[in-house]
Every structure is written in C-alpha cells, then in structure tokens.
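Inspection log for the structure reproduced underneath, given as structure tokens.
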Amino acid sequence: MKPVEAIFFDLDSTLVYVDSAVLDERLTRVCAALAAAYPGLDPARLRSHCDLVGPELWPLTVLGRFDGLTTMREVWRRALGACGCEAEGAADTAHNLFWRHRQGIIRPFDDVAVLLQQLQGRFSIAVITNGPQDTQLDKLDVVGFGGYFELFVASGMHRVVKPDPALFKIALDRLGVAPESTWHIGDSLSADVAGAKAAGLGAAVWLNRNGAVRTPEEPEPDLEIASLTELLDHLA
C-alpha cells in the first residue's frame with residue numbers, strides 16, 4: 001500500500017449530524033412566530049406540512065436542480081400555501097427566521113475535532129458530499145471545521161453523485177494526488193465505500209458508528225472503524 005497523501009471525508013453522519021430535538025424546537029418556534037404574524041395560520045398544521053414538503057424537495061438538490069437556500073424558501077412557501085397562507089413575503093420571513101436561528105441544529109461528532117487537528121498539515125484533506133454546495137458547506141462553518149479542509153466537493157455543484165467515481169476524480173485532480181495515495185472515509189457502504197473503490201482509491205474506509213451488519217450484497221470496505229479515533233492508528 002502506498003503512503004497516504006490525501007484523505008477524503010464524507011460529511012453527513014461522518015463528520016456532523018442533525019440534532020433532531022433542536023431542529024424540531026427551531027421549526028416549532030418559527031411556526032409559532034408566523035402564526036402570530038399571520039392571523040388564522042395554525043402553527044401545528046404548518047409544522048406538519050414542513051415535514052411533508054421537505055422530503056419531496058431536498059432530493060432535487062443532490063444533482064443541483066436547486067441550491068439549498070432556494071429549497072429552504074420553497075419548503076416554507078409550499079407549506080404556507082398548503083395552510084392557506086399566500087401572503088407576500090411570508091416564505092421569506094419564515095426562511096430568514098429559521099436561518100438566523102440555525103446554530104445548534106448541526107452538531108459535530110465528538111471524535112472529529114481532535115482528528116482534524118492531528119491530520120492538518122500532514123495530509124491534504126477534503127470533503128466529498130452528496131448535497132447542495134451552499135448549505136452543505138455551511139454545516140462545516142457552523143461547527144467551526146471549515147478551516148481544516150483544502151477542498152469541498154458537493155454533488156449539487158458538479159451534478160455528479162456518489163458512488164459515481166467522477167466526483168472523487170474531481171477532488172483528486174484539484175488536489176493533484178494519485179488515487180492509490182488517497183483514503184476516503186464515510187458511513188455509507190453504497191455511496192462512500194462503493195464510490196471510493198470504483199475510483200481506485202488506496203482505501204475505502206467504512207465508518208460504522210452504530211455497529212451495522214454488512215450484507216454479502218453490499219460492497220466490502222478495505223477497512224472498518226467504529227470511531228474516527230481509530231483512523232490515526234491505521235494511518236500510523
């Protein structure tokens with residue numbers, strides 16, 4: 001195995017996660033504020049429609065049909081419309097309220113900061129993520145990790161989705177590193193492990209935080225770890 005020069009990371013469920021309790025509290029707060037501003041609007045019904053509309057729209061951002069911020073506004077617009085609120089500016093008001101109070105919704109895993117501190121300066125470090133460039137990159141910024149990465153590659157910007165090896169090739173070309181000298185770490189066997197192996201990377205590392213059992217039909221990782229702290233031992 002060649003010496004490692006670069007390390008790629010998946011983002012969601014690898015470096016950061018959504019605190020569902022905080023997300024629910026912030027959405028409920030915004031819905032209550034909107035109900036106060038627009039008489040007749042039921043905050044509980046609005047909250048319910050947000051949950052229904054979001055899953056319909058967010059998959060469209062993965063291939064770049066919409067960016068993340070546009071999608072957020074559209075979720076609010078459709079949810080408000082379903083509740084009979086067509087007031088001009090209501091969706092923008094909702095979006096702006098939510099965006100201003102987004103801190104705390106995205107959380108870093110406890111093992112990430114120490115790892116990045118020890119990797120910085122030793123390797124080229126990049127993020128490869130399926131999702132819209134703008135809001136995915138914001139996730140790194142709100143947890144304070146943005147400065148650790150030399151490159152951020154999002155499927156929404158390039159309209160190529162993991163496990164397509166083309167997304168990994170973009171990162172390899174931009175960093176000027178060879179695939180066999182690069183490791184990729186992610187939580188998804190189908191996207192991260194399969195994509196890294198298809199791209200010919202030196203190691204496809206499965207971060208299996210929850211002790212999932214891989215089925216024979218799923219791609220086999222070169223290395224399986226339960227925590228990012230284990231990665232340092234293998235790199236050494």
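When reading the values below, keep in mind they use all heavy atoms of this one structure, side chains included, and skip hydrogens, waters and symmetry mates. On a predicted model such as this, the values are computed, not experimentally measured, just so you know.
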Residues in salt bridge (charged side-chain N to carboxylate O under 4.0 Å, His left out) contact with [X], at least two apart in sequence or another chain:
| X | result |
| --- | --- |
| Glu25 | Arg29 |
| Asp92 | Arg73 |
| Arg107 | Asp19 |
| Asp12 | Lys139 |

Check side-chain hydrogen bond (donor to acceptor under 3.5 Å, both in side chains) between [X] and all other residues, then give those that pass, not counting sequence neighbours.
| X | result |
| --- | --- |
| Asp138 | Arg102 |
| Arg209 | Asp111 |
| Arg47 | Asp24, Asp51 |
| Gln133 | none |

Report yes if the side chains of [X] and [Y] come closer than 4.5 Å at any heavy-atom pair, otherwise no.
| X | Y | value |
| --- | --- | --- |
| Leu69 | Thr135 | yes |
| Cys31 | Phe98 | no |
| Ile128 | Asp10 | no |
| Val75 | Met72 | no |

Would you compute the distance between atom [atom1] of [X] and atom [atom2] of [Y] and round it to the nearest 0.5 angstrom?
| X | Y | atom1 | atom2 | result |
| --- | --- | --- | --- | --- |
| Asp141 | Gln136 | CG | CD | 12.0 Å |
| Leu231 | Leu207 | CG | CG | 9.0 Å |
| Ser155 | Lys162 | OG | NZ | 8.5 Å |
| Asp192 | Phe8 | CG | CZ | 12.5 Å |
| His184 | Phe9 | NE2 | CZ | 9.5 Å |
| Leu228 | Leu116 | CG | CG | 8.0 Å |

Set out, in order, the CA-CA distance, both residues' side-chain angles and the distance that settles side chain to side chain contact (heavy atoms under 4.5 Å, CB included) for Met157 and Asp67, then state yes or no. CA-CA 9 Å; Met157 176 65 69; Asp67 62 35; over 6 Å; no
Looking only at atom types and distance, does a side-chain atom of [X] sit under 3.5 Å from a main-chain N or O of [Y], one as donor and one as acceptor?
| X | Y | result |
| --- | --- | --- |
| Arg26 | His101 | yes |
| Gln120 | Gln117 | no |
| Thr14 | Asp187 | yes |
| Thr61 | Trp58 | yes |
| Thr93 | Gly89 | yes |
| Asn208 | Ala226 | no |

Could you note down all residue pairs passing side-chain hydrogen bond (donor to acceptor under 3.5 Å, both in side chains) where residues 31-45 supplies at least one of them, sequence neighbours left out?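 Sorted result for residues 31-45: empty, none.
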Contact summary for [X] and [Y], nearest pair of heavy atoms:
| X | Y | result |
| --- | --- | --- |
| Gly131 | Ala154 | O-CB, 3.5 Å |
| Val143 | Ile106 | CG1-O, 3.5 Å |
| Ala198 | Pro163 | CB-O, 4.4 Å |
| Cys83 | Leu41 | CB-CD1, 3.6 Å |
| Glu224 | Glu230 | O-OE1, 4.4 Å |
| Asn130 | Ala191 | ND2-CB, 4.5 Å |

Go through it in stages, so that I can follow the logic: the residues are Glu74 and Thr71, the test is side chain to side chain donor-acceptor pair (under 3.5 Å), and I'd like the CA-CA distance, side-chain angles, deciding distance and then a yes or no. CA-CA 5 Å; Glu74 184 63 11; Thr71 300; over 6 Å; no
Fellow cluster residues of Leu189, listed by chain then number, with links counted only when side-chain atoms sit under 4.5 Å apart: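 Leu189 clusters with Val193, Trp206.
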Carefully, step by step, assess Phe149 and Leu137 under the rule side chain to side chain contact (heavy atoms under 4.5 Å, CB included). CA-CA 11 Å; Phe149 296 94; Leu137 187 55; over 6 Å; no
Should the pair Tyr148 and Phe145 be assigned to parallel (<30°), tilted (30 to 60°) or perpendicular (>60°) ring geometry?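 It falls in the perpendicular class, over 60°.
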Should we count CZ of Arg214 as having more than 12 external heavy atoms under 6.0 Å?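 Above 12, so yes.
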Phe109: ring-ring contact (aromatic ring centres under 6.0 Å, His included) partners, not counting sequence neighbours: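 Partners of Phe109 by the ring-ring contact (aromatic ring centres under 6.0 Å, His included) criterion, ordered by chain and then number, come out as Tyr17.
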What verdict does the side chain to side chain contact (heavy atoms under 4.5 Å, CB included) test give for Thr129 and Phe152, after you've listed the backbone C-alpha separation in whole Å, the side-chain angles of each residue and the deciding distance to 0.1 Å? CA-CA 8 Å; Thr129 178; Phe152 189 91; 3.7 Å; yes
Report, one line per pair, each donor and acceptor closer than 3.5 Å where one atom sits in a side chain of residues 164-178; sequence neighbours left out.
residue, atom, partner, partner atom, Å
Asp164, OD1, Ala166, N, 2.9
Lys169, NZ, Asp173, OD2, 2.8

Would Val161 and Leu63 count as a side chain to side chain contact (heavy atoms under 4.5 Å, CB included) here? Give the steps. CA-CA 7 Å; Val161 180; Leu63 272 172; 3.3 Å; yes
